[in-house]
Amino acid sequence: MSIQIRPLHDGFVGEVAGIDLSQPLAPGVRDAIEAGMDRYGVLVFHDQTLTDERQMEFSQSFGELEVSSQGEMSKPEERRLASEMADVSNLDHNNRMRARDDAKRLSGLGNRLWHSDASFRAIPAKYSLLSARVVPPGGGNTEFADMRAAYDALDAVTKADVGELITEHSIAYSRAELGFDAFPEEHREKLRPVRHRLVTTHPGSGRRVLYLSSHIGGIVGWPVPEARAFIRELAEHATQPRFVHAHVWRVGDLVMWDNRATMHRVRRYDDTRSVRDLRRTTVRADGPTAEQVAA
Ligand code: OGA
Ligand code: MN
């Protein structure tokens, strides 16, 4: 049986039917999903029973998996999941809800800011695949913004202004926005900013993208306050309701998005009282978007 994709938001989010991701993919299905990703940017699969192993295997059919930054920065004995599984839950390695002042919880609150996954890496993320194992009774929606449509809707003057700009991204910038700076000393080198083009071309569709993320802290050659004010204005433009889709989670949902064409954020929920267990695999992009400065 072939898959069907029903548009949920103006050709930006598609809902996929006719597929059981727990089973090996029938011939042609991987390519059909990739074509759907190129067109939509976000695909939603419902009622999928996935083990971590199967989630990693399915994700890997689209490219190399990334080791999550949380996986890189925490000790093996403090990890609940394999290092290729980004633990987006509010649980610690003993499956207990994290306390209010837990550093991992506080750092994870950065996901409430609009971002593109791993934009703080020179080779950022292509696809993210987020699987819902336990969902809270209220809140915790994930919102997606269509960065191709956002680029298209810029006025001609702004399009000319952004065209050649290079931005600087670091996870320290997004965390600083929330007043978080408790990074372990031995991982300080991971905070060094990387460079990306502000306007990229999406490989699968050939469309222009406004490549924004809360990890941006500067624009090369610009005074910092001017850069941040401009980036903030662009992000406000890009996250207007007409470009945004909210996903309301059900257990068994797998949502797959293209970080090269979208931004996302999680909305608040009662994370010291209700469990939310979502697990993400991340497929690395093919290469950098801009030249880096030497270390
Ligand atoms: C992520 C992320 C959002 C969420 O997994 O990359 O930002 O809904 N999560 O938890
Ligand atoms: Mn994210």
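Below, all heavy atoms of this structure are taken into account, side chains as well, without hydrogens, waters or symmetry copies. Counting starts at 1 for both ligands and their atoms, following the listed order. For reference, positions follow the sequence shown, starting with 1. Predicted model only: the values in this text are computed from it and were never measured.
- From the protein, the heavy atom lying nearest to atom 6 (O) of ligand 1 is Arg280 NH1, 2.7 Å.
- A cation-pi arrangement is found for Arg276 relative to Tyr269, the charged atom lying closer than 6.0 Å to the ring centre and inside a 45° cone about the ring normal.
- Using a 4.0 Å cut-off between heavy atoms, Arg265 makes no contact with ligand 1 at all.
- A cation-pi geometry, defined here as NZ or CZ lying under 6.0 Å from the six-membered ring centre and within 45° of its normal, holds between Lys159 and Tyr151.
- Scanning the protein for heavy atoms near atom 8 (O) of ligand 1, the closest one is Thr142 OG1, 2.5 Å.
- With respect to atom 3 (C) of ligand 1, the closest heavy atom belonging to the protein is Val266 CB, 3.8 Å.
- Without hydrogens or angle criteria, Glu84 side chain to Ala82 main chain gives no donor-acceptor distance under 3.5 Å.
- Neither side chain, Thr142 nor His264, offers a donor N or O lying under 3.5 Å from an acceptor on the other.
- Ligand 1 lies nowhere less than 4.0 angstrom from a heavy atom belonging to Arg267.
- Checked by distance only, ligand 1 and His264 come closer than 3.5 Å through their nitrogen or oxygen atoms.
- Thr289 contributes a side-chain N or O that, together with a main-chain N or O of Arg197, makes up a donor-acceptor pair within less than 3.5 Å.
- In the vicinity of Asn111, heavy-atom distances shorter than 4.0 Å reach the ligand 1 atoms 2 (C), 7 (O), 9 (N).
- Considering only non-hydrogen protein atoms, atom 10 (O) of ligand 1 sits nearest to Arg276 NH1, 2.8 Å.
- Regarding atom 9 (N) of ligand 1, its nearest protein heavy-atom neighbour is Val88 CG1, 3.6 Å.
- Using a 4.0 Å cut-off between charged nitrogen and carboxylate oxygen, Arg133 and Asp52 count as a salt-bridge pair.
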Side chain to side chain contact (heavy atoms under 4.5 Å, CB included) between Leu198 and Leu212: does it pass, once the steps are laid out? CA-CA 7 Å; Leu198 178 53; Leu212 289 177; 3.6 Å; yes

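- His245 and His247 have tilted rings, their planes meeting at an angle from 30° to 60° on a 0 to 90° scale.
- The shortest N or O to N or O distance between His115 and ligand 1 is below 3.5 Å.
- The Mn ion (ligand 2) forms the vertex of an angle spanning OD1 of Asp117 and NE2 of His264; to the nearest 10 degrees it equals 90°.
- Within ligand 1, counting atoms from 1 as listed, the ones closer than 4.0 Å to a heavy atom of Asp117 are 6 (O).
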